[in-house]
Enquirer: 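Dropping the structure in here first, questions after.
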Amino acid sequence: MLEIDRLTFSYDGGKTGFAFDMSIKPGEIVGLIGPSGAGKSTLFDLIAGFLEPASGDIRLAGRTILELPPEQRPVSILFQSDNLFDHLSTGANVALGLGGGTKANDERVVAALDQMGLSDMINRRAARLSGGQKQRVALARTLLRNRPILLLDEPFTGLDNKTAAPIRDLVAQMVRANNWRNIVVSHQADDIKALADRTYRIEDGRTVLEAR
Ligand code: ADP
Ligand code: MG
């Protein structure tokens with residue numbers, strides 16, 4: 001279980017206060033919605049360790065992760081944008097998900113790009129990819145990291161539905177198979193409906209469970 005337990009935070013010492021509360025079982029996909037500025041990315045930053053909460057706890061399998069620095073947290077995160085190193089090849093960007101020293105043509109990198117329909121792009125510099133291609137490269141790397149907590153911020157934005165549908169299925173299948181605890185931010189209701197077991201909305205800085 002991933003438990004976000006009465007987690008509070010504010011950027012400015014009080015004016016914009018957040019209070020997050022949710023729990024996610026292994027293999028479960030939770031949708032996170034709310035208008036721009038609601039606090040979705042803020043919650044991700046707290047879980048990933050880029051922000052420090054004022055109070056509350058984040059526990060994985062009963063143990064707090066709050067003391068861990070970001071690079072040691074059991075988290076793999078896809079940011080809303082700017083996920084790639086533009087000067088590196090597609091393959092090199094994906095290889096980073098497996099840790100430094102992994103070759104850009106490692107068979108796991110090749111397989112991950114293949115799943116995203118990007119085999120032909122492995123040697124291309126990230127700077128020369130389209131927006132949708134970049135998004136899929138970043139997703140391939142995020143999934144390859146294989147951490148217990150998977151945070152996806154608008155993973156399907158910029159992909160047309162024909163491209164997005166099989167990738168959505170792939171994400172769902174991998175979350176189930178690996179028992180990841182997955183939170184997906186999307187403003188596209190269709191994505192959330194197709195993917196999430198449950199959905200929370202951030203309303204007035206608080207996580208509220210959506211009625212089905
Ligand atoms: P969302 O991802 O749901 O669009 P964010 O979590 O990015 O929302 O932002 C939530 C609120 O916090 C917004 O009002 C935003 O302006 C504010 N905010 C985000 N980052 C900062 C920051 N670094 N300093 C001050 N306020 C911030
Ligand atoms: Mg955001």
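The figures that follow rest on heavy atoms only: side chains count, while hydrogens, waters and symmetry mates do not. FYI, the numbering just counts along the sequence from 1. Whatever order the structure lists ligands and atoms in, that order sets their numbers, starting from 1.
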Enquirer: Using the ring pair (Phe, Tyr, Trp, His ring centres under 6.0 Å) criterion, which residues pair with Phe20? Sequence neighbours excluded.
Expert: Phe18

Enquirer: Sequence neighbours left out, cut at 3.5 Å: what donor-acceptor pairs do the side chains of residues 119-127 make with other protein atoms?
Expert:
| residue | atom | partner | partner atom | Å |
| --- | --- | --- | --- | --- |
| Ser119 | OG | Asp114 | OD1 | 2.8 |

Enquirer: Just how far is it from atom CG of Leu139 to atom NZ of Lys134, taken to the nearest 0.5 Å?
Expert: 15.5 Å

Enquirer: List the residues meeting salt bridge (charged side-chain N to carboxylate O under 4.0 Å, His left out) with Glu210, not counting sequence neighbours, and say none if there are none.
Expert: Arg201

Enquirer: Among Ala38, Gly205, Ser41, Gly37, whose heavy atom sits nearest atom 4 (O) of ligand 1?
Expert: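 Nearest heavy atom to atom 4 (O) of ligand 1 lies in Gly37.
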
Enquirer: Check this for me, if you would: do Arg108 and Asp106 make a salt bridge, where the nitrogen-to-carboxylate-oxygen distance has to be below 4.0 angstrom?
Expert: yes

Enquirer: Give a yes or no on whether a salt bridge exists between Asp153 and Lys40, defined as a side-chain N under 4.0 angstrom from a carboxylate O.
Expert: no

Enquirer: Please work out, at 4.0 Å between heavy atoms, whether the side chain, the backbone, both, or neither of Phe18 comes within that distance of ligand 1.
Expert: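 It is the side chain that gets close, since no backbone atom is under 4.0 Å.
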
Enquirer: Atom 8 (O) of ligand 1: which of Ser10, Gly39, Pro35 has the nearest heavy atom?
Expert: Gly39

Enquirer: Quick check on contacts: which atoms of ligand 1 are under 4.0 angstrom from a heavy atom of Thr42?
Expert: 5 (P), 6 (O), 9 (O), 10 (C)

Enquirer: I'd like to know if Asp160 and Lys162 make a salt bridge, using a cut-off of under 4.0 Å between side-chain N and carboxylate O.
Expert: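 No salt bridge links Asp160 with Lys162.
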
Enquirer: Number the atoms of ligand 1 from 1 as they appear, then name those within less than 4.0 Å of a heavy atom of Ser36, with their elements.
Expert: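 Contacts of ligand 1 toward Ser36, numbered from 1: 4 (O).
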
Enquirer: Should Arg198 and Glu28 count as an ion pair when the cut-off is N to O under 4.0 Å?
Expert: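 Salt bridge present between Arg198 and Glu28.
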
Enquirer: How many protein N, O or S atoms are found at a distance of less than 2.8 Å from the Mg ion (ligand 2)?
Expert: 2

Enquirer: Check whether the side chains of Ser76 and Thr142 place a donor and an acceptor atom closer than 3.5 Å, and report yes or no.
Expert: no

Enquirer: Would Gly34 count as a contact of ligand 1 if the rule is a heavy atom under 4.0 Å away?
Expert: no

